[in-house]
Asker: 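The structure follows.
Note on naming: letters A, B, ... go to the chains in the order of the sequence lines (proteins, then strands), and numbering restarts at 1 for each one. No experiment lies behind these values; they were computed from the predicted model shown.
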Amino acid sequence: MIKAVRGTRDLLGAELSYKRWIERTAERVLEAAGAREIETPILEEAPVFEKGVGPTSDVVQKEMYALTDKGGRRLVLRPEGTAGVMRAFLEHGMKVRPMPVKLYYRGPMFRAERPQKGRYRQFYQVGYEAVGLAEPAIDAEAIALLLDLLEALGLRRHRLKVGTVGDPEDRRRYNAYLKEALAPYREALSEDSRARLERNPLRILDSKDPRDQAVLEEARIRPLLAFLSPEARDHYRAVIATLRALGVEFEEDARLVRGLDYYVRTAFEVHHPDLGAQAALGGGGRYDGLTALLGGPSLPGVGWAVGTDRVILALKAEGLPAPAEPAPALYLVPLDPPAVAEALALAEALRPRHRVELAYQPRRPGKGIREAERRGARFVGFLGEGERSRGTISVKDLASGEQKELPRAKLGSWLEAL
RNA sequence: GUGAGCGUAGCUCAGGUGGUUAGAGCACCGGUCUGUGGAACCGGGGGUCAUGGGUUCAAGUCCCAUCGCUCACCCCA
C-alpha cells in the first residue's frame with residue numbers, strides 16, 4: 001500500500017480542528033495589531049534562502065528539499081517563511097507603504113530532517129513580520145503579539161526567553177574571542193563542538209553536551225553582551241525595558257543562539273515543558289538588512305514564527321480540547337420510498353444556512369434516530385406518509401425527546417429562531 | 001546523517017519453546033425491531049501478519065536486508 005512520504009502526514013479530524021483554531025486565532029490577534037495576511041509560494045528559487053537564511057546554516061546546507069526544473073532553475077521547497085515574505089516585499093515595492101508594514105502568513109514548510117516528536121519534514125507555521133522600523137518598541141510589540149496568540153489559545157505553561165545576538169560586527173568579534181578562549185580546551189569539547197569551533201563558535205553556547213557546558217564554565221566564557229556595540233546594547237536594554245513596562249513575563253538568556261544567519265540584535269524563543277526534545281513552540285528576532293541580502297535596499301525588520309504542530313502538542317498537553325467536530329443541526333429520515341426525494345429537496349432548501357444531513361433510503365424511526373445520534377445531530381426530522389399528505393415534517397429534539405409536527409415551509413425559520 | 005526500541009484488521013491488542021483455514025474488543029453494515037432512543041443478543045464484511053530474501057517438511061513466530069513508525073542526538077517551529 002502506498003503511504004504518505006516519510007515525515008509528512010495527513011491532517012484530519014481533531015488534528016485539523018486544532019490547526020484551524022490556531023490559524024483563526026492568529027488571524028484575529030494579528031489583524032487587530034494591523035497585520036495583513038500574505039501568501040507566498042511554497043516553491044522559491046534556491047538563492048532566496050541561500051542568501052537570506054545563510055549559506056553556512058544547517059537549514060540551507062543539509063535540510064533543504066531542492067530540485068532543478070526543466071529550465072535549469074534551482075528551486076527549493078521553502079524551509080521557513082521570512083525570506084520568501086521579504087522577497088515578495090521587495091518584488092511588490094511594499095517599501096512605499098506606511099511603515100511599519102505588518103504581515104502575517106501561515107502554511108507548510110519543508111525540512112529534510114529525521115522526524116521525531118514535534119518535528120516533521122512537512123510542518124506548519126504561522127508567522128508574523130513587521131518591516132521598516134528599527135525602534136525597540138516594534139520588537140517588544142512583536143514579542144507581545146506572539147504571547148497574545150498563545151494566551152488567546154489558553155496556553156499557560158510556556159516560557160519566553162529573550163536575548164540578543166548582536167550586530168554582525170559584534171558577532172564577528174565575539175566569535176574571534178570564543179575561538180581564542182576555547183582553543184586550549186579543544187580536546188575537552190564534544191566532536192560536534194570541535195567542528196563548530198571552526199565554523200560557528202557561537203553554536204557551542206547552546207550545546208546540550210555536558211562536556212561542552214563544563215568547558216564553558218571552566219573557561220569562564222564572557223557573554224556576548226560584553227561585546228555589543230553601544231547602539232546594540234542600548235537597543236537590547238530598550239527592548240527589555242519595554243517588555244517590563246508591558247508586564248510581559250520573560251527570562252533573559254545571554255546564550256540564546258538562533259540558527260538562521262539573518263538574525264541581528266533581538267532574539268527570542270518560547271518554550272514549552274511538555275514537548276520533549278523539540279521544546280521551542282516558536283521563535284524569532286530582528287533581521288535588519290535581510291532585504292539587502294536579497295538584493296534590495298537595506299530595511300529593518302522583526303518577526304517570528306510558531307510551529308503549529310508544536311502548539312497543537314502543547315494544547316493537548318495542557319488539556320485544552322480542540323473545537324467540537326461539526327455536527328448537523330438536523331438529520332432527515334425518510335420513512336418510505338417517496339420520502340427520499342422529498343427529504344433531499346428539503347435538505348437542499350435549508351442549506352447552506354443550516355447544516356442538514358439525511359438518510360438516503362427509507363429507515364424505520366428507531367434506526368433513523370440511532371443514525372442521527374451517531375452523527376451528533378440536534379434534531380431528527382421524519383418524513384412519512386402522514387407528513388406527506390399534510391405537507392409537514394415531524395421534528396424531534398434528541399436531547400429532550402420532545403417532538404412536534406410543523407409545516408415544511410416553516411422549518412427554516414423555526415430552526416433560525418432557536 | 002547517527003543510535004535505540006517497535007511494525008498482526010480502520011483503532012487498541014492477543015497469537016509460550018516454529019505445527020491445520022490468523023483471533024478478540026471497539027468501530028462499520030445488517031437482523032431480532034414495517035412510525036420512534038443510545039442497550040442486549042445474533043450475523044456479516046474487512047488482513048499481501050510492513051516489504052523482499054533466507055533457514056526449515058513447515059515461518060505471524062527464527063535469520064538478513066530494506067522501508068516505515070517512535071524516541072533521542074543533531075537542528076529548529
Side-chain angles (χ1 to χ4, degrees), chain A residues 1-9 12-13 22 53 57-64 78-82 106-128 146 150 158 190-193 195-196 200 203 206-209 256-260 263 268-272 275-284 303-314 331 333-337 339 361-377 380-387 394-403 405:
Chain A
M1 191 141 82
I2 299 174
K3 293 193 282 193
V5 322
R6 180 169 205 197
T8 73
R9 63 238 199 278
L12 54 128
I22 293 164
V53 173
S57 66
D58 277 26
V59 168
V60 167
Q61 259 187 350
K62 312 193 295 203
E63 297 170 3
M64 285 207 299
R78 63 181 182 197
E80 62 102 46
T82 303
R106 67 184 108 186
M109 308 293 163
F110 302 81
R111 289 184 202 173
E113 300 177 277
R114 188 91 166 248
Q116 70 183 76
K117 184 176 185 181
R119 189 168 80 184
Y120 309 97
R121 290 184 170 182
Q122 176 174 340
F123 59 101
Y124 296 84
Q125 287 188 338
V126 171
Y128 165 81
L146 170 51
L150 300 177
H158 52 282
S190 65
E191 303 74 39
D192 284 329
S193 286
R196 288 191 273 239
N200 192 355
R203 292 277 182 78
D206 70 342
S207 167
K208 285 180 199 165
D209 195 304
L256 199 60
V257 175
R258 307 246 66 216
L260 311 181
Y263 283 118
F268 50 92
E269 285 178 4
V270 178
H271 291 253
H272 197 277
L275 295 192
Q278 308 302 320
L281 277 180
W304 47 257
V306 293
T308 307
D309 314 285
R310 291 185 187 175
V311 174
I312 292 172
L313 289 174
Y331 185 77
V333 176
L335 298 173
D336 59 11
Q361 52 198 152
R363 305 254 87 138
R364 286 194 297 274
K367 185 162 185 56
I369 288 171
R370 280 197 297 278
E371 289 181 354
E373 282 166 343
R374 187 76 186 81
R375 288 163 175 73
V380 61
F382 296 106
L383 290 168
E385 205 181 336
E387 286 85 0
S394 297
V395 180
K396 185 184 189 75
D397 184 328
L398 284 168
S400 68
E402 209 177 304
Q403 181 167 329
E405 189 169 347

Asker: Classify the nucleic acid contact of A/Lys367 as base, sugar-phosphate or nothing, counting any heavy atom under 4.0 Å across all strands shown.
Answerer: sugar-phosphate
Asker: Would you kindly check whether a donor in the side chain of A/Arg119 faces an acceptor in the base of B/rC75, or vice versa, at under 3.5 angstrom?
Answerer: yes
Asker: To the nearest Å, give me how far apart CD (A/Glu80) and C1' (B/rC76) are.
Answerer: 11 Å
Asker: Could you state the CD-P distance from A/Glu63 to B/rG1, rounded to the nearest angstrom?
Answerer: 12 Å
Asker: Minimum heavy-atom separation for A/Tyr124 and A/Asp309, please, with both atom names.
Answerer: N-OD2, 2.9 Å
Asker: For A/Gln403 and B/rU36, give me the distance from atom CD to atom P, rounded to whole Å.
Answerer: 10 Å
Asker: Using a cut-off of 4.0 Å on non-hydrogen atoms, how would the nucleic acid contact of A/Gly7 be classed: base, sugar-phosphate, or nothing?
Answerer: sugar-phosphate
Asker: For A/Gly384, answer base if it contacts any base atom (sugar-phosphate contacts may also be present), sugar-phosphate if it contacts only those atoms, and nothing otherwise; contact means non-hydrogen atoms under 4.0 Å.
Answerer: base
Asker: Do you know the tightest heavy-atom contact between A/Arg106 and A/Arg78?
Answerer: O-NH2, 4.3 Å
Asker: Figure out the CZ/C1' separation between A/Arg6 and B/rU66, and round it to whole Å.
Answerer: 12 Å
Asker: Over all strands shown, is A/Leu335 touching base, sugar-phosphate only, or nothing at heavy-atom distances under 4.0 angstrom?
Answerer: base
Asker: Looking at B/rU36, I'd like to know if its phosphate oxygens (OP1 or OP2) sit under 4.0 Å from a side-chain N or O belonging to A/Arg363.
Answerer: no
Asker: Under 4.0 Å, heavy atoms only, any strand: does A/Glu371 hit a base, just the sugar-phosphate, or nothing?
Answerer: nothing
Asker: Taking the C1' atom in each of B/rC76 and B/rA22, what is the distance between them to the nearest angstrom?
Answerer: 45 Å
Asker: What's the gap between B/rG15 and B/rA9 when it is taken at their C1' atoms, as a whole Å value?
Answerer: 14 Å
Asker: What contact category does A/Gly118 fall into here, base, sugar-phosphate, or nothing, at under 4.0 angstrom with non-hydrogen atoms?
Answerer: base
Asker: Can you tabulate the close N/O pairs, meaning under 3.5 Å, that link protein atoms to atoms of nucleotides 38-46 of chain B?
Answerer:
from: B/rG38; atom 1: O4'; to: A/Glu373; atom 2: OE1; distance (Å): 3.3

Asker: If the cut-off is 4.0 Å, is A/Arg364 near the phosphate of B/rU34, judged by side-chain N/O to OP1 or OP2?
Answerer: yes
Asker: Which dot-bracket string describes RNA chain B (Watson-Crick N1-N3 plus N6-O4 or O6-N4, or G-U N1-O2 and O6-N3, all under 3.5 Å; [ ] crossing; | other strand)?
Answerer: (((((((..((((.....[...)))).(((((.......))))).....(((((..]....))))))))))))....
Asker: Could you give the distance separating B/rG47 and B/rG10 at their P atoms, to the nearest angstrom?
Answerer: 7 Å
Asker: Have a look at A/Gly386 and say if it touches a base, only the backbone sugar-phosphate, or nothing, with a 4.0 Å heavy-atom cut-off.
Answerer: base
Asker: Reckon A/Ser394 touches a base, only the sugar-phosphate, or nothing at all at heavy-atom distances under 4.0 Å?
Answerer: base
Asker: Is there a donor and acceptor pair, one atom on the side chain of A/Gln116 and one on the base of B/rC74, closer than 3.5 Å?
Answerer: yes
Asker: What's the CD-P distance between A/Gln278 and B/rC74, to the nearest Å?
Answerer: 10 Å
Asker: For the C1' atoms, the ones on B/rA24 and on B/rG19, what distance do you get once it is rounded to whole angstrom?
Answerer: 22 Å
Asker: Give me, pair by pair, the N or O atoms of the protein and of nucleotides 2-9 of chain B that are less than 3.5 Å apart, along with how far apart they are.
Answerer:
from: B/rU2; atom 1: O4; to: A/Arg114; atom 2: NH1; distance (Å): 2.6
from: B/rG3; atom 1: O6; to: A/Arg114; atom 2: NH2; distance (Å): 3.3

Asker: Across the strands shown, which category fits A/Asp206 at heavy-atom distances under 4.0 angstrom: base, sugar-phosphate, nothing?
Answerer: nothing
Asker: From the options B/rG37, B/rC75, B/rG35, select the nucleotide whose nearest atom is closest to the side chain of A/Arg196.
Answerer: B/rC75
Asker: Taking atom C1' of B/rC69 as reference, at what distance in whole Å does atom CZ of A/Arg9 sit?
Answerer: 13 Å
Asker: Nearest whole Å is fine: how far is B/rC75 P from A/His271 NE2?
Answerer: 14 Å
Asker: Just to be sure I understand the rule, does A/Tyr120 reach a base, reach only the sugar-phosphate, or reach nothing, if contact means heavy atoms closer than 4.0 Å?
Answerer: base
Asker: Between A/Ser193 and A/Ser190 (side chain of the first, backbone of the second, donor and acceptor by atom type, cut-off under 3.5 Å), is there such a pair?
Answerer: no
Asker: Quickly work out the A/Asn200 CG to B/rC74 P distance and round it to whole Å.
Answerer: 15 Å
Asker: Taking atom C1' in both B/rG25 and B/rU21, compute the distance separating them and give it to the nearest angstrom.
Answerer: 22 Å
Asker: Look at the side chain of A/Pro115 and decide which nucleotide, out of B/rG35, B/rU70, B/rA77, has an atom nearest to it.
Answerer: B/rU70
Asker: Indicate whether A/Phe382 forms a stack on B/rG35; treat it as stacked only if centroid distance is below 5.5 angstrom and interplanar angle below 30 degrees.
Answerer: no
Asker: If you count every heavy atom of other residues, nucleotides or ligands that lies below 6.0 Å from A/Glu405 atom CD, does the total exceed 12?
Answerer: yes
Asker: Kindly give the heavy-atom pair with the smallest separation between A/Val257 and A/Glu269, and that separation in Å.
Answerer: O-OE2, 3.8 Å
Asker: Considering all heavy atoms of both residues, which atom of A/Leu275 and which atom of A/Ala314 are nearest to each other, and what is their separation?
Answerer: CD2-N, 3.7 Å
Asker: With a non-hydrogen cut-off below 4.0 angstrom, is A/Arg310 in contact with a base, only sugar-phosphate, or nothing?
Answerer: base
Asker: Look at all strands and tell whether A/Arg111 reaches a base, only sugar-phosphate, or nothing, counting heavy atoms closer than 4.0 Å.
Answerer: base
